[in-house]
Amino acid sequence: MPILEKKPARDRDVQVLPKVPVPPLKQTLDTYLKCVQHLVTEEQFKKTRAIVERFGGPGGVGEVLQRKLLERKDKTTNWVYDYWLEDMYLNNRLALPVNSSPVMVFPKQTFRDHKDALRFAARLIRGVLDYKALIDARALPVDFARGQLAGTPLCMEQYYRLFSSYRYPGVKTDALKVHMNTASSAPEHIIVACKNQFFVLDVVANSKQLSETEIFSQLEKIAKLADDTKERLPPFGILTSDGRTEWAQARNDLTKDQTNRDSLALIESCLCVVCLDEPSGLEPNDTNRALMMLHGGGREKNGANRWYDKSMQFVIGMDGICGVVCEHSPFEGIVLVQCSEYLMKYITGSPSKVTKACNIRELPPPRRLLWKSNPHIQGLLSASGDRLQRLVNNLDMDVFKFKAYGKEFMKKQKMSPDAFIQVALQLAFYKCSGRLVFTYESASTRRFQEGRVDNIRSATPEALAFVTSMADERATFSDSEKMKRLRDAINAQTNYTVAAITGMAIDNHLLGLLRIAKELNMEKPEIFCDETYLTSNQFILSTSQVPTTVEMFCCYGPVVPNGYGACYNPQSDHIIFCVSSFWENTHTSSVVFVKALNEGLLEIRDLCNRCSAAATKLADSSQEAGQPHKSGKINNQFEDDLVVRIQIAQLCFDVQRKSQVVDVCLGLPWLLRWEVIYALVLRHVLSSNGQG
């Protein structure tokens, strides 16, 4: 996803972004074939190519669907939004923790005692209220893209769903409801989870928001209520950690009782959930903190101290393990980053405003949410807990801080940091498996109205050519050839990124054609039944760049049982990688992948340094050997010099330092200079045409 910068918000309300385009059908089909050819068998590809040609040919089904899709574009704000939301999230039946909900892991906090943790929570809640006030007033500065196509204004709609969204479970498909609040209907309460109990904390009293001191006082009361074991109720929050169909069925059972309906209504209308977690008992390293955010450690720790349907859950552990769990369907990771960074700066930016109790108003006490249970519901709670525990035991997570270099080194090579890292991820996977697989990298389409994301297919033919050259043990490829392949891979990745962020990628387009066929009650087109299409949507490597300017990191789980999740946060001198997989799959291992990733990043650095050193040597050599030779004969020393010069010139040519080719040739006799340059140019032309 693009890195954002903030600019003043003036004219943001009058600026209308363009609609997301519908790419040309032939362009999408041609790109699709290029994306899959090197990742399937030759026999399978021949079959796929024939199917695609029939689909996209004159009078083919593709033309009919394309026309209907263009009509839909004219009638809607964003033709793909609903299709994408249902396909990516709402139709997915997997449990939200690990499988869907990303988390932001805050820096480890050092709390002196229980009250210190509550002070941190009170300050965070106060920051949430301030940030929501900015959102409600439409006072947030407009985001402008940086990186590729910098300076483009981005759609801000996702921010308005941060605190106003709730995902309702459904037996077949979920429903995302967004309450676009007026001043009179805005939520005036949050839900606090403590020891698997849920409490209502009103943040407005007598038309005035609570101060930080008042919030702290109310949190103290909640902690005391949660300690009362006589009033403790079953851990109903664990139901929300289950598969979506299972939770939907359990919710139907819960709502047969009015008490449960009332409690659900309060949770579903809250501003956010604040989870006061018990100490995990684990060493608070990066990996363990990530695990506690992703699943809470299961029912034996804090896994039931959550309500996963709510869009924002702020976790404050008494042991200093803190962060945010987000339900992903309303917004993308960059919106989570912006909110999280605001809150961390709010918390650390000025002294705490907790004052003495004499300044506190008389406030109604927080209320415990009540639940009615029965033996059937107790069985559902137990089953949900079992399934969560299996998920907890299955997740293999490794948070890895690569310290050898960061994005500044990549920029010095005149390479896009994101493309560089994506190619390194491909090299790591190839080292582990000896092949490349269909890869997902999220690309923001917020340049358009209601834009969300499309997919950058990072396993390009050029990436395959590069990783095979790096893994070749016979030393078949010279450094200059490897460097050429690296640049080709990075250029291919960059070009696909530009296509994706400008609405010209293939995944959303193909999904739209598929959904149009369904709406027309057509038999599913052959292209979407083809094994290649089905396989190409199983993303064994699911990746995303989530950069931050504050010390924190984002992570998530794999999207398929035999896959990896790879989230990365590039900084100037290091990169944080969060690699996840499942223990149950014998073909994946997060620690093995991280080892291969570390090796690959070092190998790419060494390749760049060797080629850079050779180019530097070229400049020095051209100065030293630039004087004309006294003898008219080409002696052995001059022959050696000639060979060296031609080799250096060839290297410089290959690594795109063409201006220095002329410099190094200046020391040669005038006739030889031009013969060398002509030969290199001819070699380049032939290579570009596939003949060299």
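If you're wondering where the values come from, they're calculated on a predicted model, not measured in any experiment.
Of all non-hydrogen atoms in V550 and T548, the two that sit nearest each other are O-OG1, 2.8 Å. Of all the heavy atoms in C554 and V546, the pair that sits closest is CB-CG1, 3.8 Å. Here the closest heavy-atom approach between residue S444 and residue V453 is recorded as CA-CG1, 4.2 Å. Between A500 and I456, the shortest heavy-atom contact is CB-CG1, 3.9 Å. Listed here is the closest heavy atom pair of A505 and T28: O-OG1, 4.5 Å. Closest non-hydrogen pair, S101 versus C326, comes out as CB-O, 3.2 Å.
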Open item on the list: As a quick check of understanding, evaluate salt bridge (Lys or Arg N to Asp or Glu O under 4.0 Å) for K431 and E603, giving each step before the final call.
Closed with: CA-CA 12 Å; K431 282 173 169 285; E603 289 170 5; 3.0 Å; yes

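The salt bridge (charged side-chain N to carboxylate O under 4.0 Å, His left out) search around D286 returns R289, not counting sequence neighbours. Evaluation of the ring pair (Phe, Tyr, Trp, His ring centres under 6.0 Å) rule for Y32 yields no partner, not counting sequence neighbours. By the ring pair (Phe, Tyr, Trp, His ring centres under 6.0 Å) test, Y556 pairs with no residue at all, sequence neighbours left out. Y568 is linked by a side chain to side chain donor-acceptor pair (under 3.5 Å) to D418, Q422, E441, counting only residues two or more places apart in sequence or in another chain. Residues passing the side chain to side chain contact (heavy atoms under 4.5 Å, CB included) test with C608 are F409, Q413, M415, M483, L486, I604, sequence neighbours excluded. With sequence neighbours left out, D606 forms a salt bridge (charged side-chain N to carboxylate O under 4.0 Å, His left out) with no residue at all.
Distance check, rounded to the nearest 0.5 Å: CD of Q338 to CD of E341 gives 6.0 Å. One distance of note links CG of L140 with CE of M156; it measures 5.0 Å at 0.5 Å rounding. With values rounded to the nearest 0.5 angstrom, F144 atom CZ is found 9.0 Å from T152 atom OG1. In this structure, CE in M312 is found 8.5 Å from OH in Y131, a value given to the nearest 0.5 Å. The CD atom of Q27 sits 8.5 Å away from atom CG of D30, with the distance rounded to the nearest 0.5 Å. Distance check: S590 OG to L597 CG gives 11.5 Å after rounding to the nearest 0.5 Å.
In the model, D454 has no side-chain atom that pairs as donor or acceptor with a side-chain atom of T445 under 3.5 Å. Between the side chains of Q493 and T460, no donor-acceptor pair is found at a separation under 3.5 Å. One side chain, Y159 or D143, offers a donor N or O that lies under 3.5 Å from an acceptor on the other. Using modelled atom types, one finds a donor on one side chain and an acceptor on the other under 3.5 Å when comparing Q426 with T439.
Side-chain atoms of D573 never come within 3.5 Å of backbone atoms of G406 as a donor-acceptor pair (strictly under, hydrogens ignored). Judged by distance alone, with hydrogens and angles left aside, the side-chain atoms of N288 form no donor-acceptor pair with the main-chain N or O of P284 at under 3.5 Å. Using a distance-only test at 3.5 Å, with no hydrogens or angles considered, a donor-acceptor pair links the side chain of H38 to the main chain of A459. Between the side chain of Q313 and the backbone N or O of R306 there is no donor-acceptor pair closer than 3.5 Å.
Enclosure of atom NZ in K19 by more than 12 non-hydrogen atoms of other residues, nucleotides or ligands within 6.0 angstrom is indicated. Within 6.0 Å of atom CD in E599, more than 12 heavy atoms from other residues, nucleotides or ligands are found, so the atom counts as buried in its surroundings.
When side chains are defined from C-beta on, E327 counts as touching P330, because their heavy atoms get closer than 4.5 Å. Taking 4.5 Å as the limit, some side-chain heavy atom of C35 sits within range of a side-chain heavy atom of Y496. In this structure, F593 and D396 have side chains that are not in contact, with every pair of non-hydrogen atoms separated by 4.5 Å or more.
Because its NZ or CZ atom is not both nearer than 6.0 Å to the ring centre of Y81 and within 45° of the ring axis, R452 does not count as a cation-pi partner of that residue.
None of Q571, E408, K407, Q545 except one satisfies the side-chain contact (heavy atoms from CB on, under 4.5 Å) rule with P417; the exception is K407.
Note on ring orientation: taking the six-membered ring where Trp is involved, the planes of H328 and Y89 are tilted (angle from 30° to 60°).
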